[in-house]
There are 2 protein chains.
Amino acid sequence: MSSATKTLELLEYFAPTRPEIGLSQLCRLASRDKATTYRGLRSLEQTGFVEQNPVTKRYRLGPALLQLAQTREITVPRKSGAIAPLQTLSQTTGETCHASILSGTTLYKLVSVESPRHSIRVIIDVQTFPLHATASGLCALAFGPDNLIDTAKSALTTYTENTVATEDALLDIIHTARNTGFGFADGSLESDVHSLAAPLYDQTGSFAGAVSVATVASRFTPELKQQIKAQLVTASREISRNWGGTIPAVIEQSWSAVLT
Amino acid sequence: MSSATKTLELLEYFAPTRPEIGLSQLCRLASRDKATTYRGLRSLEQTGFVEQNPVTKRYRLGPALLQLAQTREITVPRKSGAIAPLQTLSQTTGETCHASILSGTTLYKLVSVESPRHSIRVIIDVQTFPLHATASGLCALAFGPDNLIDTAKSALTTYTENTVATEDALLDIIHTARNTGFGFADGSLESDVHSLAAPLYDQTGSFAGAVSVATVASRFTPELKQQIKAQLVTASREISRNWGGTIPAVIEQSWSAVLT
DNA sequence: AACATCGGTTCAAAAAATGAACCAAACCAC
DNA sequence: GTGGTTTGGTTCATTTTTTGAACCGATGTT
């Protein structure tokens, strides 16, 4: 792993639950020597990616990220086109919803919306969705580029008893996703969390991401499942349209069959 | 300069006017060997900072930036509290307005708002404001930490005939900014562009950034100047309040003296 | 007062980065 | 269709940088 990659990975430890990190704490988190971590932070600081809180001496994310994120969204507009449909989806289903975006072989969380309807809510605290263990990931495997399947096969991490563990089982659930037009995960990332997802397309005509709804297993009735599927279709069409794409006819057909 | 810093600096070449950059073009822009540039891009790609457009093979900014920017704004909320007051400022003055934020010894552009009132508009296409050559920068020198003055002295880059060129001249205009409570630049970064700026404070009670109005020299009448100052004061108070800070009494006094 | 932990620094040894030269493929001009 | 140019990408001898154990002074804790 290159020095630059190691430095960049330091940024991943910052989170809303961990807004500031001291040098010694960060080197423990990153499992690196303090001098190495310090030089990484200096590099990030020089380029505006982190800044040192003058009061606490701890480090936090810096303003250059805001500028680059703005440039990214201006040049590849995805987030803004996903927010409103996702808020609607969350409101109508009453559950936690996500939009994700594929970059290389990684599915990044783009937008999350929680619903205030229930006091028992699903919180999925990841920034990237494992391909084999999430509904969105299964969408990517079913409708995205074929090389994703190889990537997934080489990283069959076990999260719960329900996480798919063999290549055959993985190919089976990918096949099911292709046939139904939906990714479905029942407790494969978190116990008692069920998720459904639909694919998203952009102007290239290719799979670009997924939109998903996550709910607690105990309220996942067949009625709710059908309702969620119908709402996912609406959201998928709208977000894809906002991204300059359309849903392929073969998926629209799968959806029709499943929703009658 | 470390390898990590060189890699991070590759990101600075991406802009709304340059959304995608090929490998050969980027190595020319960065004045680096192609192999070095390629390894830098690979590192950035592995961590989600850039992605390769599968159609054009060129590189563009990646989704990890969106996630980190969101974390940054959640943990250090600045941008959201500056947008509305800046839109109001632009609307009432009819000119281009900026909010900037200090990080280390660099003043980063945070938000820009243009007004549609005039067809001749100021566009300041920088991501960081030179301390000695902008109204916002002079605010930082006048009201920010003292070490900024040393930083400015060591980088007295000439942009126009009006750019301050000597340490004495720099100290003079810093002194004027301290006395008036406003930074003022007349053509020091761009010919025929005049700017006024006021300081911003956050919850630490320290200088945190600046809010500025830029206009074309030809419509910068004494009346407009007074109007802009009044509006800047309002915007400065509001943004500072949104950032958890208040304007120091000594600056409020300077403003009172200047606005009567 | 003693100890622990912090942010930060040094330098010999180890490891990685560099870039000139190279490759095949795609593009362009004629 | 051909020849030249430019592209994204690769290799490896050489050069340069990175690494991390040991260290520092300051601060916090008991």
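All chains are named by letter (A, B, ...) in the order of the sequence lines, taking the proteins before the strands, and each is independently numbered beginning at 1. Since this is a predicted model, take the numbers as computed values, not measurements.
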Will you find, in the side chains of Glu190(B) and Thr160(B), an N or O donor that is under 3.5 Å from an N or O acceptor? no
Lys57(A) NZ to dT27(D) C1', straight-line distance once rounded to whole Å: 11 Å
Can Arg121(B) and Glu114(B) be counted as an ion pair, charged N to O under 4.0 angstrom? yes
Distance below 4.0 Å between Ser24(B) side-chain N/O and dG8(D) OP1 or OP2: yes
Presence of Gln52(B) side-chain N/O under 4.0 Å of dT7(D) phosphate oxygens OP1/OP2: no
Separation of dG7(C) P from Asn53(A) CG (nearest whole Å): 12 Å
Counting primed atoms, P, OP1 and OP2 as sugar-phosphate and everything else as base, the B/S/- map of nucleotides 10-15 of chain D against protein heavy atoms under 4.0 Å is BB----
Sugar-phosphate, base or nothing in reach of Arg28(B), heavy atoms under 4.0 Å: sugar-phosphate
Ser3(A) side chain N/O closer than 4.0 Å to the phosphate oxygens (OP1, OP2) of dA17(C)? yes
How about Thr166(B) and Asp168(B): does a side-chain donor come under 3.5 Å of a side-chain acceptor? no
Interatomic distance, Arg58(A) CZ vs dT27(D) C1' [rounded to whole Å]: 14 Å
Is the number of heavy atoms from other residues, nucleotides or ligands under 6.0 Å of Asp146(A) CG greater than 12? no
Calculate the interatomic distance between Tyr59(B) atom OH and dT7(D) atom C1'; express it in whole Å. 11 Å
In whole Å, I'd like the distance from the CE atom of Met1(A) to the P atom of dT17(D). 22 Å
Aromatic ring pairing His98(B)/Phe129(B), orientation class (parallel under 30°, perpendicular over 60°, tilted between): perpendicular
Atom CG of Leu26(B) to atom C1' of dG9(D): distance rounded to whole Å? 14 Å
Does dG19(C) have OP1 or OP2 sitting under 4.0 Å from an N or O in the side chain of Thr36(B)? yes
All pairs passing side chain to side chain donor-acceptor pair (under 3.5 Å) where residues 4-17 of chain B contributes a residue, at least two apart: Ser43(A)-Thr5(B), Gln46(A)-Thr5(B), Ser2(B)-Thr5(B)
Protein-nucleotide distance (Gln25(A), atom CD; dT5(C), atom C1'), rounded to Å: 13 Å
For the CD atom of Glu20(A) and the CD atom of Glu51(A), what is their distance to the nearest 0.5 Å? 9.0 Å
Without decimals, in angstroms, what is the distance between Lys6(B) NZ and dT18(C) C1'? 8 Å
